[in-house]
Amino acid sequence: MTKPPKTGRPAIQRGSGVALWRQIADDIRAGIASGLADADGRLMTEAALAARFGVNRHTVRAAIASLQREGVLEAQQGRGTFVRRRARYAFPIGARTRFSAGLEGQAGRRTHVLVASAAEAAGPDVAAALHLAEGAPVMRLETRGDGDGMPLSRATSWFDAERFPGFDAAFERLSSITAAFAEHGVADYFRASTVVAARHADAADLADLRLSPGAVVLVATAVNVDRDGKPIQFSVTRFAADRVELMVSGQSDAG
């Protein structure tokens, strides 16, 4: 049987500028593992959820529909709404972090595609990360990593355009940052730093990762260096938190 509503009412902020259904979807997503679903994964009824949040059932339905579009929940005819059982991909963040090898053994089909690229002048953050002068020419790549056809990550990366001319074309042809580096004379490289944070997905994340409003993304800001310790890549990667968990290890050789 579905568990009864918890005592106490979650804090839903009216007039906050965030739609009630979105706040409820966030709370459902966070609370699935702690009482909102029974042992079989069946979600509390709409009536119970409406009472829990102090809203009407229409608002609850909007929240549930959002989570169904996102793939967190699924409706089963005549049975109710269930948590969609799917394992997260474990993505290692370590000394050698590579997209394809990081998913090896987890995803049968791994693709890394170029979404867009542009030549631009390095801003302050990019220049500092790559040890370049502000305004130096850099190449920006927008890429997406998929596992078995599901978008898992969306990255923005910058490279020294003078050291790596045509890097965008090399990546588009080879579908691999590592292979593109090798073509430019960098046989090996290492992760110098990674900072991980979590935030709500913005409009671009929603579209690129096929998420619903209120979804959470893990954001990894990283610098890769060559064997001499010179920075060669600065990247900001967004991972769909419901699909990917990041494993941080200084010993990882994941590709």
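Residues: numbered from 1 along the sequence shown.
Annotation for Met150 and Arg243: closest pair SD-CZ, 3.5 Å, computed over non-hydrogen atoms. Smallest separation of non-hydrogen atoms from Arg238 and Thr156: NH1-OG1, 3.3 Å. Closest approach of Phe82 to Gly80, counting heavy atoms only: CD1-O, 3.7 Å. Pairing each heavy atom of Ser117 with each of Met139, the nearest pair is CB-SD, 4.2 Å. Considering all non-hydrogen atoms of both residues, Pro151 and Leu209 come closest at CB-CA, 3.8 Å. The minimum heavy-atom distance linking Ala180 with Ala170 is given by the pair CB-CB, 4.0 Å.
Ring geometry for Phe239 against Phe91 counts as tilted: the plane angle lies between 30° and 60°, on a 0 to 90° scale. Phe167 and His184 have tilted rings, their planes meeting at an angle from 30° to 60° on a 0 to 90° scale.
Note that CZ of Arg199 and CG of Asp205 are 4.5 Å apart. Values are rounded to the nearest 0.5 Å. If you take OG1 on Thr143 and CD1 on Ile177, they are separated by 6.0 Å, rounding to the nearest 0.5 Å.
Within a 6.0 Å sphere centred on CD of Glu245, heavy atoms belonging to other residues, nucleotides or ligands number more than 12.
Residue pairs satisfying the side chain to side chain donor-acceptor pair (under 3.5 Å) criterion with at least one member in residues 123-141, sequence neighbours excluded, are listed as follows: Glu120-Arg140, Arg140-Glu142.
With a 4.5 Å cut-off on side-chain heavy atoms, Glu172 and Asp168 do not count as touching.
The backbone N or O of Gly149 sits nowhere less than 3.5 Å from a side-chain atom of Asp146 that would complete a donor-acceptor pair. Using a distance-only test at 3.5 Å, with no hydrogens or angles considered, no donor-acceptor pair links the side chain of Ser235 to the main chain of Thr237.
Between Lys230 and Asp160, no side-chain nitrogen of the basic residue sits less than 4.0 Å from a carboxylate oxygen of the acidic one, so the salt-bridge criterion is not met.
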#### Entry: Candidate pair Phe164 and Val186, rule side chain to side chain contact (heavy atoms under 4.5 Å, CB included), full reasoning
CA-CA 10 Å; Phe164 302 111; Val186 178; 3.8 Å; yes
